[in-house]
Amino acid sequence: MASNQNMKELQWFLQSIKSEGLNLHSISFYLSQPASGCYQETENSMNVNISEESISYFSHLLTTLAASKNAKSTLRNLEFHLVQWEVDEVRMLGLLLENNPNIKQVVFRGNRFLGKSMSELSEILKRNKMIKEIMLSESNIGSVGAGHIASALMVNHSLEELQIWEDSIGSRGAEELSKMIEVNPTLKLLTIFDSNAITATPLISAVLARNRAMEVHVWSGQNRGKTSKVVEFVPENSSLRIYQLSLSGSCRVACSLGMNFTVKSLDMTGVRLKSKWAKEFRWVLEQNQTLQEVNLFRTCLKDKGIVYIAAGLFKNRILQTLHLTGNWFTGVGVEHLLCPLSRFSALQSQANVTLKSLSFGGGRTRVGRDGLAAILQMLTSNQSVTRLAIHDDLSLRPNDFVRIFESLEKNATLKYLSLQGCNGVQGEVLLQTIMETLQINPWIEDLDLSRTPLHNSGKTQGIYRRLGQNEKTEPEMDLLVDMPLTEPKSCRVFFCGQDYAGKTTLCNSISQNFSASAPPYFDQVRTIVNPVEQAVKTVGMKIKTLKDEDTKISLWNLAGQHEFFSLHDLMFPGHGSASFFIIISSLFRKPGNKEPKSTGEIEEDLQYWLRFIVSNSRRAVQQCTLPSVAVVLTHSDKINQPSQDLQLTVNSIQRLRDKFQGFVDFYPTVFTVDARSSASVSKLTHHIRKTCKTILERVPQVYQLCNDFIQLLSDWRSENYNKPAMKWKEFENLCQVKVPALRIRSRHDNKERVEMRRRAIATCLHHIGEVIYFDELGFLILDCEWFCGEVLGELIRLKARKQNSSESNGFISRKELEKILRASLQSPIPGMGSKVFENLEASDIVRMMLKLDLCYEQDPSDPNSLLLIPSMLEEGRGKPQRWQLSTADSIYAGRHLECHDSSHMFLTPGFFPRLQVHLHNKIMALKNQHGATYSLEKYLISISINGIYIRVELGGQLGYYIDILACSTKNLTETLRVIQQLIIPAIQSLCQGITLTENVMRPACVQNLTPPRYRRTQIVSLQQLKQALLSLPADSMYDYQHTWSPVSDSGRTILQAGFDFARDILSDDDFRQVLHRRYYDLYNLSQELQVPLENTDGQDHALGLSEETQTVEPTIGGIAKGVEAVLERLKIIEQEIRDLKQEIQGLRYYEHRLLLELHRKVNYLVSFNVQVEERKVPNMFYFVKTENYSRRLITTMITGMTALRLHMLCEFRGEMHVVEDQIGCELMQVDNRAVRYLAPHVKNFMKLVTFALKIGAHLAAGMGEMIPDLSKEVAHLAGGTSMAAGAAAAAGAMGAAAIGRRNRAAQGSRDVQQDLRAAQQWIVDFLRERRCSSGKDIVEKFGLWRVRYRDTGQIAWVCRRHIYTRSAEIIEVPL
């Protein structure tokens, strides 16, 4: 009866095909099944089971499908299981493929090709131009079958993916495929899983030799049945990773790299190499033009091999990074290796100047005396290497390292030096030498001395402090050094996405794909169950654990509901743990309808998660590699055919990939899947497997015991009622019984040493995501899904449970919270029951929450204190906003902190709740916080401390800025000190890695509590404001005003335009920073101008900064102390203002002296050698160029410059300036003679303008927008003879002689005089050529008259204004 029923199903399927009643995209055939039948996996996919008795139906089905018109337009994928192919059946398959051009994928699993059927399949592939992917798994095709496929693909240039799994094609088959690669330019992916690793050599060699952009993955199963990767080439990253190859295979690959241009990174870590390979690789280094990084860790290379590599470096001009750690060479190899990086005489050029990073060392590397000499020579003479690492050396003594650091005193290029594990890094002499070297050499940015005796003894703190970095927080390595490290065996895959994205369904399908033994019938059952699962939205976080050989892969399904987003930060991996992120977005808004999402909606979803990943990865303590990210679009089964919207979405994702390049490792392929179908997610599953293995190879190693503990903890839970937590005592017992390396063996054993080892293992397990552990809590959370989903989920649900007033405003009693948590712990979880209370109490969970900054105690000294949980807070928007204290004498100040790179990072949803807790704990820990109050709303923190009221508000889309507003009756400086010393450091401590820029907010916005949307434009950068003050003369600083623009909304004025004095928005501390910087600049300028120091006490007091500046510390009492105390306070404030004005007055006096000195020297210039020269033309001239209705000052003279105009300055003593509306004289083209005569003058004139700008002289004011950025000119101003001569010759005259005599630099002055005489002669000749040599012509062109000073008799050329206003001092002397 059952057999008849099965036959009816096949007949029904045949009839449905003939009647065109099915719309199928995918059909899977399972032959040799116990019973025949068919079932529909999804609405577009069908599984057909055919028994031995019904085998004839298979041919009939193929013929019927070939004739079906409906299948011709819809069928895309075919899959065949356990089929015994005859020639006739293959021909029927060929007819089916020819009649159905939309079929893109054909999969053969466990098939057998009999007779000439493989040859017939080859002929079909030669003709077919539509199939994109063929997969052959366990089909026993052998080398002959591989040859047939290769011959077909030599003709077929449309196939893009070829996969051969669990087969042995042998070296002959691999050679045939390599010949195909040489002529096939379109194949994009080649995956081979063979029983022998030898197949990899011809394949990868052909790909490299022909420069194919083909992704290649070759796996081998020869090592005791375990699968291992042999070769991986990813053209998108230009990286080639070789895991295992024979010596001949390695040599063949090296030969293929010589003319290759697709590989930039070569990694052969762990491959045993010899000098024969190195000889071939020398040719690669000499010929290759793209290879930038080579990793040869632990490759057993000896001296001869290193000599060949060194020889290649002599001609190489591309390689930037070379790692040789863990090889077997001696000092001879080191000497040859460093030879191309060294110079042995001043006349010799460095052979290789492109290599930037080099590492070597290891237990079997013996540097020795010869190697030390080479290192010293390289460090002394090298001019290109920026990173050098010598690891785990046992041959160098402390005195040798002293010599190394002494040689660094002359090295100006090395930025990073690593001496990890070097036994000779020890002793006080070496420590003193390092400190002295760092004082002399400012270019060294980082020293890595971890695992050295000097580090283990705790003496490196001073070194790291000198470098400006904190010492690494590691356990004492001397107690852990003998604990072996290994590659981690567990990886976390985070499924990120909004709700209804299909994350849970996708997890289930991927789990099924990981279970290779699951029968097809399981899919049938799952199809019935899935709609029920999808009807209920998954709430909270879920974790699935999978096994891939010896690797554990855990799928972390992050809750997509917005209320859970604030908890996601707690689950983010840190400390370089292995993790992989899959961002999932549905193509439709709701699963129950077919309303598609717009491209913008999908891009917004993806961009949130990308910014979340980047923000948290920057916050992680140790970021070894960029986070790996892949994008999955679900519900693709609802799209009947590719649409333009889908292509727009893919293009949008490509733009996101480009935007986040350098922030994440973005996989280029976008997966579009039907999350319900295990076949649809097979490629994604394969990618997860592949990526997890790659990540585990890249992340830092972990203790070997950690990998062992993963299974131990799983066994312990199975034996103990599946308890989700473990007390520390239970962990100690497990170590004592099960782990010999962590066992206390006798009463005299070092118990502290064993305890430290145990805690180090627990901490390592915490970092890789296996447990949640903190030292002070005394227990480990073993079930992360239970803690993150059930326990922390209770915090989200608490808001809905609030029923009485005691829980209002976010507060809840400790007893009430413990009661709720206890109910959660006692819920009927299978296998757990009430046994959980044997080792975990609700109070332990509360302590864990306090540790994670999820809540805080209102009064820490009270054991029954109320707890505030930020997740329970309500929004206060809509409530009236006003200051608690607002009087006429109140001052208002605001600061705006904004993410510097808000397009890639933001303040995550979990940041502000943690800030609310962290800031409370910090304030309560202060000694002077008597009477402080602290209240919260969802996006607001209100603080009152010592009479200062502060509001901290989170703002911006996705929270990219924080506003700090303050109201106080105290002075501005005291108020801002609280913000700068308390609030801002607390914010920055929680967003490490994210740069926040500080801005000043308009006080009127703070006073009126203007809504955030209106005050966006009412801020100014703090650094910009300080820079504006620095650009002003001293007498203008205190009265500087910053102007605010008006704000309006729909024609209604919100804020009028206005201004604030800088002194009203900056504290005295900020002002003093500006003044100190100003004094520093003026002091350097005084040195340049050779200003003599005065010895009188009064003038010293005016010139110098006050050594002891009076500061006013804030009072703490909070209680009024009477009118006398208030008056005394006002006197102190008044005195402080007087002090600040006194400093500004001193600065003005200093500027005045410098200005007098400048004018005195300029007067030398305009009056020099009056008896010889009759001053027939002005001396003070400059050139401008007119462009786009604006004028630009010429700072350098270059041959060929055109359309310049010559202008003259008014030379009146002490008031030299630019003459307005001056016509000037046109210079059509600059020739070589003009450059030779005028270049020195132009350079020195720029120095004069620079000095005038610094001091605030009148000269700069007239030039306006003509003056360019003079920062480079200022940087080149130097002391000594040239500086004095330059100052003397600034305007183009010859007063340098007088100043030169002061400096005893007669020769330098004579050179300057010659230059200036040449410039003057050029001016005289130029004006004569332009017929402008008479006084009348000069008046017409330049507006200058020739006059004589009545008192000195000197000649000058002055403007019309000085002719009339200074007529009593001068007499006109016409030519």
Side-chain angles (χ1 to χ4, degrees), residues 615 881 891-907 911-912 915 919 939-941 943 948-968 972-1032 1037 1040-1047 1054-1074 1077:
S615 302
Q881 303 291 325
I891 64 100
Y892 300 91
R895 290 294 183 264
H896 174 91
L897 303 182
E898 185 171 326
C899 288
H900 177 67
D901 187 5
S902 59
S903 62
H904 296 98
M905 290 175 280
F906 66 110
L907 302 173
F911 164 78
F912 200 70
L915 176 64
L919 194 54
Y939 300 112
L940 172 66
I941 304 173
I943 307 169
I948 300 174
Y949 297 88
I950 298 176
R951 293 168 59 95
V952 182
E953 301 178 1
L954 177 69
Q957 186 180 10
L958 297 179
Y960 69 90
Y961 70 81
I962 287 184
D963 286 340
I964 307 170
L965 294 74
C967 169
S968 171
L972 180 65
T973 299
E974 293 182 63
T975 304
L976 289 178
R977 278 177 184 165
V978 175
I979 294 176
Q980 296 286 353
Q981 299 174 11
L982 179 65
I983 308 299
I984 294 181
I987 294 172
Q988 292 175 336
S989 67
L990 292 182
C991 56
Q992 296 173 357
I994 300 178
T995 302
L996 297 175
T997 57
E998 184 175 351
N999 301 273
V1000 178
M1001 190 181 301
R1002 182 177 181 177
C1005 293
V1006 181
Q1007 181 178 1
N1008 301 323
L1009 292 179
T1010 304
R1013 64 182 181 276
Y1014 296 131
R1015 59 183 187 233
R1016 292 175 184 170
T1017 60
Q1018 305 298 297
I1019 58 174
V1020 59
S1021 168
L1022 179 62
Q1023 291 303 319
Q1024 180 183 338
L1025 198 57
K1026 290 181 179 179
Q1027 200 63 36
L1029 291 175
L1030 279 173
S1031 65
L1032 296 174
M1037 278 188 179
Y1040 175 75
Q1041 301 172 356
H1042 179 77
T1043 304
W1044 306 102
S1045 60
V1047 179
I1054 306 298
L1055 286 171
Q1056 299 281 355
F1059 67 88
D1060 282 297
F1061 289 103
R1063 63 175 182 264
D1064 293 333
I1065 56 179
L1066 294 179
S1067 68
D1068 290 352
D1069 299 332
D1070 294 325
F1071 248 101
R1072 284 195 174 89
Q1073 288 179 8
V1074 175
R1077 173 67 183 275

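- Rounding to the nearest 0.5 angstrom, the gap separating the CD1 atom in Ile994 from the CG atom in Leu897 is 12.5 Å.
- Take Asp1070 and apply the side-chain hydrogen bond (donor to acceptor under 3.5 Å, both in side chains) test, not counting sequence neighbours, and it matches Ser1067.
- Scanning both residues, Ile948 and Val978, for their nearest heavy atoms gives CD1-CG2, 3.6 Å.
- The main-chain N or O of Thr975 is never found under 3.5 Å from a side-chain atom of Ser968 such that the two would form a donor-acceptor pair.
- Interatomic distance, OH of Tyr961 versus CD1 of Ile1019, reported as 9.0 Å (0.5 Å rounding).
- Smallest separation of non-hydrogen atoms from Phe1071 and Arg1063: CE1-CA, 3.4 Å.
- Under the 4.5 Å side-chain criterion, counting only non-hydrogen atoms from C-beta, Leu915 is in contact with Ile987.
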*For the pair Ile1065 and Leu1025, evaluate side chain to side chain contact (heavy atoms under 4.5 Å, CB included) and give the outcome as yes or no after the intermediate values.*
CA-CA 10 Å; Ile1065 56 179; Leu1025 198 57; 3.6 Å; yes
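- Annotation: side-chain contact (heavy atoms from CB on, under 4.5 Å) contacts of Gln980 (sequence neighbours excluded): Arg895, Ile984, Glu998.
- For the side-chain hydrogen bond (donor to acceptor under 3.5 Å, both in side chains) test, no residue two or more places apart in sequence or in another chain qualifies with Gln1024.
- Applying the salt bridge (Lys or Arg N to Asp or Glu O under 4.0 Å) rule to Glu898 yields no partners; only residues at least two apart in sequence or on another chain are considered.
- Here the straight-line distance linking atom CD of Glu953 with atom NE2 of His896 works out to 11.5 Å at 0.5 Å rounding.
- Listed here is the closest heavy atom pair of Leu1029 and Val1074: CB-CG1, 3.8 Å.
- Looking at heavy atoms from C-beta onward, Leu907 lies out of side-chain contact with Ser615 at the 4.5 angstrom threshold.
- The shortest non-hydrogen separation linking Ser1021 to Asn999 is CA-OD1, 3.3 Å.
- Two residues are said to be in side-chain contact when any heavy atoms from C-beta on lie closer than 4.5 Å; Phe911 and Ile962 meet this criterion.
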Donor-acceptor contacts, no H, no angles, side chain residues 1004-1014, under 3.5 Å, sequence neighbours left out:
residue	atom	partner	partner atom	Å
Asn1008	ND2	Ala1004	O	3.2
Tyr1014	OH	Asp1049	OD2	2.5

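- Shown here are the side-chain contact (heavy atoms from CB on, under 4.5 Å) partners of Thr995, two or more places apart in sequence or in another chain: His900.
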*asked:* The test is side chain to side chain contact (heavy atoms under 4.5 Å, CB included); show your working for Phe1061 and Leu1066 and say whether it passes.
replied: CA-CA 9 Å; Phe1061 289 103; Leu1066 294 179; over 6 Å; no
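- Dense packing is recorded around CD of Gln1041, with more than 12 heavy atoms of other residues, nucleotides or ligands lying under 6.0 Å away.
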*asked:* With side chain to side chain contact (heavy atoms under 4.5 Å, CB included) as the criterion, how do Ile964 and Arg951 come out once you've worked through the C-alpha distance, each side chain's angles and the decisive distance to 0.1 Å?
replied: CA-CA 6 Å; Ile964 307 170; Arg951 293 168 59 95; over 6 Å; no
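- For Gln1073, the CD atom is densely surrounded, since the number of other residues' heavy atoms within 6.0 Å is greater than 12.
- Taking the ring pair (Phe, Tyr, Trp, His ring centres under 6.0 Å) definition, one finds that His1042 meets it with Trp1044, sequence neighbours left out.
- Minimum heavy-atom separation, Leu982 to Leu919: O-CD1, 4.3 Å.
- In this structure, Ile983 and Val952 approach most closely via the heavy-atom pair CG2-CG2, 3.9 Å.
- Checked against side-chain hydrogen bond (donor to acceptor under 3.5 Å, both in side chains), Asp1064 has no partners two or more places apart in sequence or in another chain.
- Residues satisfying the side-chain hydrogen bond (donor to acceptor under 3.5 Å, both in side chains) criterion with Arg1002, sequence neighbours excluded, are Gln1018.
- Side-chain contact between Tyr949 and Leu965 is absent, with no heavy atoms from C-beta onward closer than 4.5 Å.
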